[in-house]
Amino acid sequence: MNRVRAAVMSGEMKPGEVYSVYQLAETFDISRSPVRDAMLRLEEAGLVRFERNKGFRIVQPRPEDVAEIFAVRLALEVPPHAAQP
């Protein structure tokens with residue numbers, strides 16, 4: 001899962017492109033089962049979308065999604081100065 005995130009962040013994997021579990025297993029030199037499990041977790045997080053008989057597509061976040069993520073983080077995170085007595 002971390003390898004896929006890093007590949008997306010570095011631009012090695014592009015949003016909108018379709019990737020297969022077989023392709024990633026070969027690229028990362030690991031078996032297909034951990035790749036499949038990682039992709040299921042990333043799908044639950046909304047970062048990828050499975051496409052039947054094709055593989056999965058990296059989801060391009062919409063501006064509304066990014067704004068919502070920042071709003072949630074601001075609501076949950078304690079400012080650094082507030083944590084000190």
- Flag the pair Leu42 / Arg5 as yes when at least one side-chain heavy-atom distance between them is below 4.5 Å, and no otherwise. yes
- Tyr19 with Val59, same ILVMFWY side-chain cluster at under 4.5 Å: no
- Query: Below 4.5 Å, heavy atoms only, C-beta onward: do Leu24 and Met13 meet side chain to side chain?
  - Reply: yes
- Query: So if you build clusters from Ile, Leu, Val, Met, Phe, Trp, Tyr with side-chain heavy-atom gaps below 4.5 Å, do Val18 and Val21 land together?
  - Reply: no
For a quick test of your reading: what N or O donor-acceptor pairs under 3.5 Å do the side chains of residues 43-57 make, sequence neighbours left out?
| unit_1 | atom_1 | unit_2 | atom_2 | d |
| --- | --- | --- | --- | --- |
| Glu51 | OE1 | Arg57 | NH2 | 3.0 |
| Glu51 | OE2 | Arg57 | NE | 2.4 |
| Glu51 | OE2 | Arg57 | NH2 | 3.2 |
| Arg57 | NH1 | Gly16 | O | 2.2 |

- Query: Do Met1 and Asp37 touch side chain to side chain, with heavy atoms closer than 4.5 Å?
  - Reply: no
- Message: Is there a continuous path of hydrophobic side-chain contacts, each under 4.5 Å between heavy atoms, that joins Leu40 to Tyr22?
- Response: no
- Is atom CZ of Arg36 surrounded by more than 12 heavy atoms (other residues, nucleotides or ligands) closer than 6.0 Å? yes
- So CZ of Arg3 and CD of Glu12: to nearest 0.5 Å the spacing works out to 10.5 Å
- With a 4.5 Å heavy-atom cut-off, do Met39 and Val4 have their side chains touching? yes
